[in-house]
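Before I ask anything, here is the structure I am working with.
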Amino acid sequence: MRDDLTWSERLEHDDDVPANPTKTPTIGAIIESRLSRRDALKGAAASVAVAGTATAIGTSLFSRTAHAAGGSTLTFSPLPHGYDENSHVADGYAAQTLIRWGDPVVPGAPAFDVTNQTAEAQAQQFGYNNDYVGFMPLPMGSDSSDHGLLCVNHEYTNPDLMFPGSPASEDLTAEQVAIEMAAHGHTVVEIKREGGPWSVVADSPYNRRITTSGTEMMLTGPAAGHDRLKTSADSTGTKVIGTLNNCAGGKTPWGTVLFAEENFHGYFMGDAEQTDEARNYKRYGVPGGWYVWGKYDDRFDINKEQNEPNRFGWMVEFDPYDASSTPKKRTALGRFKHEGATTVLNKDGRVVVYTGDDQRFDYVYKFVSAGTFNPDDRAANMDLLDEGTLSVGRFDADGTLEWMPLVHGEGPLTAENGFNSQADVLIETRRAADLLGATPMDRPEDVEPNPVTGVVYMMLTNNTKRKDDQTDAANPRAVNAHGHVIEMIPPGTAADGDGANADHAATTFTWDIFLLAGDPADAEAGAMYGGDLVEGGWLSCPDNLAFDSKGRIWISTDGGPKSGIADGVWGSDVSGPGRALTRRLYACPAGAELCGPEFTPDDTTYFAAVQHPGDEKGSTFETPVTRWPDFQEGMPPRPSVQVIVKADGGPIGA
């Protein structure tokens, strides 16, 4: 990897190399085609017949007159743009650091000693680079907003900011690699608010660490037990130790948590051409060579354990309410670089899961369970995600979105193309989607249904590799440095929003663009919002999202510093005068991106996961660009989860 980049830039640079060889029209070309077919920002709302049902597209960004900036329902004074060593929150709000890298988690965990780290200690402490945050109320099944479990992913490690001397990855010792493995994974902590600030409940029986090196997991679903998942350590192909690169996630209606395995390719070393999986691994970028774990653990050397990468790249489900539960990798949801997975209970009782494959020119997916949710029997729901249909999206220029099933034996997914079973389809999900002609997207990251309206929103972070001849209706900009947000609209969704009637299991949706990110004052950026933004209103590189109980969208970003602004979170209405008029609530410290996001059920607390603070060129363990959040001499920056509350205790936003 290039030495002139920060650690996070190195990972993004590697991911900036498209692995998709297909010539299918990209989302940028489709968007461009669509925009050429109608006058942008003019005309009335359109209605189209979808699967025999009249479905209103509504007052979409590109089919109505722009609104004035004063129409937002958000009442806080927006935070202006800026960039410095500290985090900032809008006037009238307060931010509190709840838990940081190294803080004790499990009962008996030692205090953090940054100059004397051990793998044993790290496996009991809060991990590094917190990403997904899920709040699970206590007691289970309640809507408590003052007591619950905080479930947090740990995506990757920055060794140059973790260890004294800022060693390069290739220079790490066996013990430092073991610390890295322990710093990956997931954390569960019980948290409580009793008339004051939030706090972690020390020594709670719920508190747990899930790590790469120490947590046994099950492989379940159609691919479990397949020969391509068997290794010398697991002749059954059903057990795997650990998880890695855990990015975003989601929650199920039965109270479990889903967390992603995203850039799994980066952890392996070796020569793929010397394995039986060369074609498969080329499509996923294996080996990525980001880390040197294979020097000390044979399973990360593909020439010693050629099947090990096939055991990663899945969605993991586990029960945070049972600290002894075994996490399960649900192979029915497909294998790719999952950003996350969010669920919605369809009107017919089936469970629908949306997930994106976070790489330039890759795809968005939807899973529909075969079984139905039983609200009276939690145990009966625990394996719903093992059987169902995984589909991939094709976006057409007329505003139609087709979900194409990835089913063995149908269309090109046959033995003639190397797919001998459904297990093969799921192990090589990307190649199967290529053959179906799915639409290559601009890094599909978080994909979530709005619980109020039923409309599904997809964050497309950026794609600077897209060329002029690769644009399409859903990805309209070449060299897309700022990203955009797409709405995917199920049939049955009314123009004014009625999520209960949305048919998420339908194979045909409509789609539209919610916003094109970037600075609207820069004509070359091609940004489009819902009208004139207030100060600090424009954003760059949308990454994750959440909805409050009113159905307003909250967008966190990853990449703002490239445009001279801090990453953070912006809120916006999704309809009415304030539609697509984003305004900033929170700004990260230098070098950091903002992950999460998550609200308590009553909207009074917003959880913000600040990842890789201080990750800038020239920033080292001894001389970082920021010592956030401690600002203590000798202490490097520490990834942390902050809680944001309104000073008067009311709901976030208004």
Side-chain angles (χ1 to χ4, degrees), residues 181 184-186 208 210-246 256-261 264-265 267-268 270 272 274-281 284 286-287 293-294 296-319 322-336 338 341 367 369-371 379 381-388 390 406-408 415 418-429 431-432:
M181 290 184 180
H184 281 67
H186 192 86
R208 181 181 186 183
I210 293 171
T211 70
T212 299
S213 54
T215 306
E216 182 175 291
M217 302 186 175
M218 292 179 61
L219 289 155
T220 69
H226 194 278
D227 286 346
R228 297 173 73 182
L229 297 182
K230 296 176 181 178
T231 65
S232 61
D234 172 32
S235 61
T236 71
T238 61
K239 295 180 181 180
V240 60
I241 300 299
T243 183
L244 45 76
N245 209 257
N246 305 109
T256 59
V257 168
L258 297 169
F259 58 82
E261 295 183 324
F264 63 92
H265 67 296
Y267 295 81
F268 293 92
Q274 301 303 312
T275 73
D276 297 332
E277 296 284 344
R279 179 176 61 180
N280 169 23
Y281 289 165
Y284 289 100
V286 176
W293 294 3
Y296 307 107
D297 188 335
D298 285 352
R299 67 189 179 122
F300 294 102
D301 183 337
I302 61 175
N303 298 125
K304 295 178 179 178
E305 287 289 355
Q306 71 166 7
N307 286 345
E308 192 70 22
N310 286 336
R311 294 148 65 84
F312 295 89
W314 307 102
M315 286 303 307
V316 184
E317 181 181 8
F318 85 105
D319 184 0
D322 179 2
S324 65
S325 64
T326 300
K328 298 179 179 180
K329 299 191 179 187
R330 301 296 191 185
T331 66
L333 297 182
R335 174 174 167 268
F336 43 87
H338 288 272
F367 172 85
S369 68
N381 303 314
M382 284 300 197
D383 293 321
L384 275 177
L385 302 185
D386 275 343
E387 185 177 355
L390 181 68
L406 293 154
V407 177
H408 176 252
F419 298 103
N420 297 305
S421 66
Q422 185 64 18
D424 287 327
V425 171
L426 295 169
I427 292 169
E428 295 190 71
T429 304
R431 192 167 67 85

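This one's a predicted model, so the numbers in the text were calculated from it and none came from an experiment.
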Next item on the list: Sort out for me which residue in Glu317, Arg330, Lys329 forms a side chain to side chain donor-acceptor pair (under 3.5 Å) with Thr220.
Entry: Arg330
Check: Going from CG on Asn246 to OG1 on Thr243, what distance comes out if it is rounded to the nearest 0.5 angstrom?
Finding: 3.5 Å
Check: Does any non-hydrogen side-chain atom of Tyr281 lie less than 4.5 Å from one of Phe268?
Finding: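 The answer is no, as the side chains (C-beta and beyond) never meet within the 4.5 Å cut-off.
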Next item on the list: Please examine the side chains of Val316 and Ile210, heavy atoms only from C-beta on, and report whether any two atoms are closer than 4.5 Å.
Entry: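 With C-beta onward as the side chain, the pair stays apart.
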Notebook entry, point to check: Considering residues at least two apart in sequence or located in another chain, which fulfil the ring pair (Phe, Tyr, Trp, His ring centres under 6.0 Å) criterion with Tyr284?
Noted result: Phe264
Notebook entry, point to check: Does any non-hydrogen side-chain atom of Asn280 lie less than 4.5 Å from one of Arg431?
Noted result: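 They are not in side-chain contact.
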Notebook entry, point to check: Does a side-chain heavy-atom distance below 4.5 Å link Ile241 with Arg299?
Noted result: yes
Note to self: Is the shortest side-chain heavy-atom distance between Ile302 and Gln274 below 4.5 Å?
What the structure shows: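 Ile302 does not reach Gln274 side chain to side chain.
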Margin query: Donor-acceptor check, side chain of Asn310 to backbone of Arg228, threshold 3.5 angstrom: yes or no?
Written below: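 Checking the backbone N and O of Arg228 against the side chain of Asn310, a donor-acceptor pair under 3.5 Å is found.
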Check: Atom CG in Leu229, atom CD1 in Ile427: separation rounded to 0.5 Å?
Finding: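 If we round to the nearest 0.5 Å, Leu229:CG and Ile427:CD1 are 4.5 Å apart.
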Item checked: Asp319 side, atom CG; Lys328 side, atom NZ - distance, nearest 0.5 Å ->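 One gets 10.0 Å once the value is rounded to the nearest 0.5 Å.
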Notebook entry, point to check: Between Gln422 and Leu406, is there a donor-acceptor pair closer than 3.5 Å when you use the side chain of the first and the backbone of the second?
Noted result: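 Answer holds: yes.
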Note to self: Quick check: His265 with Tyr267 (ring centres under 6.0 Å apart)?
What the structure shows: no
Next item on the list: With the side chain counted from C-beta on, respond yes when Phe300 and Leu244 share a heavy-atom pair under 4.5 Å apart, and no when they do not.
Entry: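 Yes, at least one pair of side-chain atoms sits under 4.5 Å.
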Margin query: Could you tell me if the side chain of Asn245 sits less than 4.5 Å from the side chain of Phe312, heavy atoms only?
Written below: no
Check: Can you check whether Asp297 reaches Met181 side chain to side chain, under 4.5 Å on heavy atoms?
Finding: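 SC-SC contact between Asp297 and Met181 confirmed.
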Check: Should we count NZ of Lys230 as having more than 12 external heavy atoms under 6.0 Å?
Finding: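 Yes.
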